[in-house]
Amino acid sequence: MKDIHDECGVFGIHGHPDAATIGYLGLHALQHRGQESAGIATSDGQDVRLYKQMGLVADVFNADVLKTLTGTSAIGHVRYSTAGSSTLLNAQPMKCMYAGGSIALAHNGNLTNFATLRHQLLARGHLFQSSSDSEILLQLVAAHYAPTLSDRVAAMMTQARGAYSLVILTADQMLAVRDPHGFRPLVLGRLDGAPVVASESTSLNLIGATYEREIEPGEIFIAGPGGETSSRPITSPRLARCVFEQIYFSRPDSIVFGKQVNTLRTEFGRQLAREQPVPNADVIIPVPDSGTPAAIGYAEQLNKPFAMGLIRSHYVGRTFIEPEQRIRHFGVKLKLAPVPEVLKDRVVVVVDDSIVRGTTSQKIVDMVRSRGAREVHMRISSPPTRWPCFYGIDTPSRKELIAARLGSLDEIAGELTADSVGYLSVEGMHRVVSGGGGDGYCDACFTGSYPVPVEDQYSPHSGPDDNR
Ligand code: 5GP
Ligand code: SF4
Ligand code: MG
């Protein structure tokens, strides 16, 4: 089962005359969380309308489409998936009819008992249109008989395990729901009195909404004709907020899990410099954009010059057709261009947020060295990524992770052809994030200590046997 892995962003607003347009803007700010499909569902008190397509938010929607999305409430979704599951059927929001009328749902996260739930539902005669675990959530809500939607959602929460931050829309209600572990972020804000929810606060900033708080782990927030209510039917067994949101995935201008991401990333860089200094460094350069805040912190801590030694092109779409054969491997060159005057004859420290397979990093080392750098040292502002994620971040199987394949830093440096490589320690990461031992956070991709057992072992790129 390869088709169920999503990295996503969600958005919702209730009781605003410009719901669809605000949803469009809110999703635009979450585009980094998913670039393959985008969708918005709106409701006007009577019915739910839905429009979704493959593509970027700005390409999927235009004024004519937004005009058809009438109503005063909206939920939206952006999705990234692995290649195999890149179909419109898996795009979100998902919509169906249930006993209470139309209902639409959008999901960020990944269920760990996906296959079990799907088999159970299929055995009971449920039909599925997609291979997405989000449809399972929708069916669990729709199929469970209970007097109120809130009760149905609470019942779903006793069955679904793993990571889910959800927005749900009916004819007259909008719900925001977060799994009891709190893996994925979800924040609540306000615009002209209307409640707004979004994966990241950058959405709130763009539309001019004020930030209020996180949707709490295990919380069901409901906005409807009767006003706003909030309940926590499930208490958190163990908080497991995804530390990788703060390392790489979220935008630096967002507040995630109550912390400003840019501040944390800069501090990861400072801590990295304390742990893994390069005393003879001439210049510190980031791998833009994700490595930039950490490189600034690293340079500040060592009191060394920071410079943009690599320039990122922002015009490389996912649809770019790579030339075949002789001129292949253009990927990194299209995305990053070296600045020779920054690199020539220098001892260069290249700072990035993470290394996954190592293929990009190796090409970056090549690129920097070919422009005359005397030494090239890679410094990574997170610990070695050694384990796949089963909670909604796209990581490959263990055998593809360079830090799992190779035993020592020297071997990794060898494969990257770098003079040295250094990572942030797990302890250092936790000191920055929480001032201590990592309580309340998931760090499984670094430690292999999975906070929620992976019942149905799958990952987007691997079968059950090669994950551990
Ligand atoms: P590698 O050297 O492993 O090929 O690539 C490392 C780069 O991938 C880093 O710059 C890092 O920012 C980026 N990266 C890390 N995690 C992810 C992810 O989940 N998705 C994408 N698209 N890039 C990632
Ligand atoms: Fe986040 Fe890593 Fe945990 Fe996945 S395994 S939820 S990426 S910290
Ligand atoms: Mg990067």
_I'd like to check the side-chain contact (heavy atoms from CB on, under 4.5 Å) partners of Asn303; sequence neighbours left out, ordered by chain and number._
none

_salt bridge (charged side-chain N to carboxylate O under 4.0 Å, His left out) partners for Arg238, two or more places apart_ = none

*Can you run down the salt bridge (charged side-chain N to carboxylate O under 4.0 Å, His left out) pairs that involve residues 13-32, sequence neighbours left out, and say none if there aren't any?*
none

*So does His16 have more than 12 non-hydrogen atoms from other groups sitting under 6.0 Å from NE2?*
yes

*What is the minimum heavy-atom distance between Ala106 and Ile75, and which atoms define it?*
N-CD1, 4.2 Å

*What do the steps show when you test Asn108 against Tyr164 for side chain to side chain donor-acceptor pair (under 3.5 Å), and what is the final call?*
CA-CA 6 Å; Asn108 171 212; Tyr164 53 90; over 6 Å; no

*asked:* Using the salt bridge (charged side-chain N to carboxylate O under 4.0 Å, His left out) criterion, which residues pair with Arg274? Sequence neighbours excluded.
replied: Glu267

_Side chain to side chain, Ser381 and Tyr298, heavy atoms closer than 4.5 Å_ = no

_Can you list everything that forms a side-chain contact (heavy atoms from CB on, under 4.5 Å) with Asn205? Sequence neighbours excluded, please._
none

*From Ser361 atom OG to Ile412 atom CD1, the distance as rounded to the nearest 0.5 Å*: 10.0 Å

_Listed partners of Thr360 passing side-chain contact (heavy atoms from CB on, under 4.5 Å), at least two apart_ = Val332, Ile364

_Check this for me, if you would: do Glu7 and Arg79 make a salt bridge, where the nitrogen-to-carboxylate-oxygen distance has to be below 4.0 angstrom?_
no

*Supply the atom-to-atom distance Ser203 OG to Leu30 CG, rounded to the nearest 0.5 angstrom.*
3.0 Å

*Could you check if a side-chain atom of His107 sits within less than 4.5 angstrom of a side-chain atom of Leu105, using non-hydrogen atoms only?*
yes

_Going by salt bridge (charged side-chain N to carboxylate O under 4.0 Å, His left out), name the residues that satisfy it together with Arg49, two or more places apart in sequence or in a different chain._
Asp44

*Identify the two heavy atoms, one from Asn110 and one from Gly392, that lie closest to each other, and give their separation to 0.1 Å.*
CB-N, 3.3 Å

*Check the pair Arg33 / Glu200 against salt bridge (Lys or Arg N to Asp or Glu O under 4.0 Å), numbers first and verdict last.*
CA-CA 10 Å; Arg33 298 184 71 88; Glu200 295 180 36; 2.7 Å; yes

*asked:* Assess the residue pair Phe11 and Ile22 against the criterion (side chain to side chain contact (heavy atoms under 4.5 Å, CB included)); give the C-alpha distance rounded to whole Å, side-chain angles, the decisive distance to 0.1 Å, and a yes or no.
replied: CA-CA 10 Å; Phe11 182 88; Ile22 291 163; 4.0 Å; yes

*Taking only residues at least two apart or on different chains, which pairs with a member in residues 184-193 satisfy salt bridge (charged side-chain N to carboxylate O under 4.0 Å, His left out)?*
Arg184-Glu245, Arg190-Glu212, Arg190-Glu228

*Arg386 side chain to Ala404 backbone, donor-acceptor under 3.5 Å*: no

*Taking the side chain as C-beta and beyond, is there a heavy-atom pair between Val350 and Val376 under 4.5 Å?*
yes

*Between Phe244 and Phe249, does the ring centre distance come in under 6.0 Å?*
no

*asked:* Quick one: does any side-chain atom of Tyr450 pair with a main-chain N or O of Phe390 as donor and acceptor, under 3.5 Å?
replied: no

_Could you walk me through whether Arg346 and Glu375 satisfy the salt bridge (Lys or Arg N to Asp or Glu O under 4.0 Å) test, starting with their C-alpha distance in whole Å, then the side-chain angles of each, then the deciding distance to 0.1 Å, before giving a yes or no?_
CA-CA 7 Å; Arg346 302 270 174 80; Glu375 296 175 24; over 6 Å; no

_salt bridge (charged side-chain N to carboxylate O under 4.0 Å, His left out) partners of Asp253, counting only residues at least two apart_ = Arg251

*Whether Gln246 side chain and Val433 backbone form a donor-acceptor pair below 3.5 Å*: no

*Considering only NZ, NE, NH1 and NH2 on the basic side and carboxylate oxygens on the acidic side, decide whether Glu415 and Arg405 come within less than 4.0 Å.*
yes

*Just by modelled atom types, is the Ser425 backbone N or O under 3.5 Å from a matching donor or acceptor in the Glu275 side chain?*
yes

_Pairs meeting criterion side chain to side chain donor-acceptor pair (under 3.5 Å) with involvement of residues 428-439, two or more places apart_ = His430-Asp443

*Short side-chain to backbone donor-acceptor contact, Thr266 and Asn262, under 3.5 Å*: yes

_Non-hydrogen atoms of Pro396 and Val356 that approach each other most closely_ = CD-CG1, 3.4 Å

_salt bridge (Lys or Arg N to Asp or Glu O under 4.0 Å) between Glu219 and Arg178, intermediate numbers included_ = CA-CA 6 Å; Glu219 177 177 353; Arg178 195 160 162 224; over 6 Å; no

*Any donor and acceptor pair, going by atom type alone, linking the side chain of Ser290 with main-chain N or O of Tyr248 inside 3.5 Å?*
no

*asked:* Tell me every residue that passes side-chain contact (heavy atoms from CB on, under 4.5 Å) with Ala418, counting only those two or more places apart in sequence or in another chain.
replied: Val365, Met378, Leu416

_Sidechain-backbone polar pair: Lys335 side chain, His314 backbone, donor-acceptor under 3.5 Å_ = no

*Is the shortest heavy-atom distance from the side chain of Ile207 to the side chain of Val196 under 4.5 Å?*
yes

*Applying salt bridge (charged side-chain N to carboxylate O under 4.0 Å, His left out), which residue pairs with at least one partner in residues 256-265 are found, sequence neighbours left out?*
none

*Going by heavy atoms in the side chains, are Phe268 and Asp353 under 4.5 Å from each other?*
no

*Is it true that atom CD of Glu411 has more than 12 heavy atoms of other residues, nucleotides or ligands lying nearer than 6.0 Å?*
yes

*Backbone of Glu455 reached by a side-chain donor or acceptor of Asn113 within 3.5 Å*: no

*Stepwise, does the side chain to side chain contact (heavy atoms under 4.5 Å, CB included) test hold for Leu272 with Ile380?*
CA-CA 8 Å; Leu272 178 64; Ile380 305 302; 5.6 Å; no

*asked:* Please check: side-chain N/O of Gln35 versus main-chain N/O of Gln31, any donor-acceptor pairing under 3.5 Å?
replied: yes

*Side chain Glu135, main chain Ser130, donor-acceptor under 3.5 Å*: yes

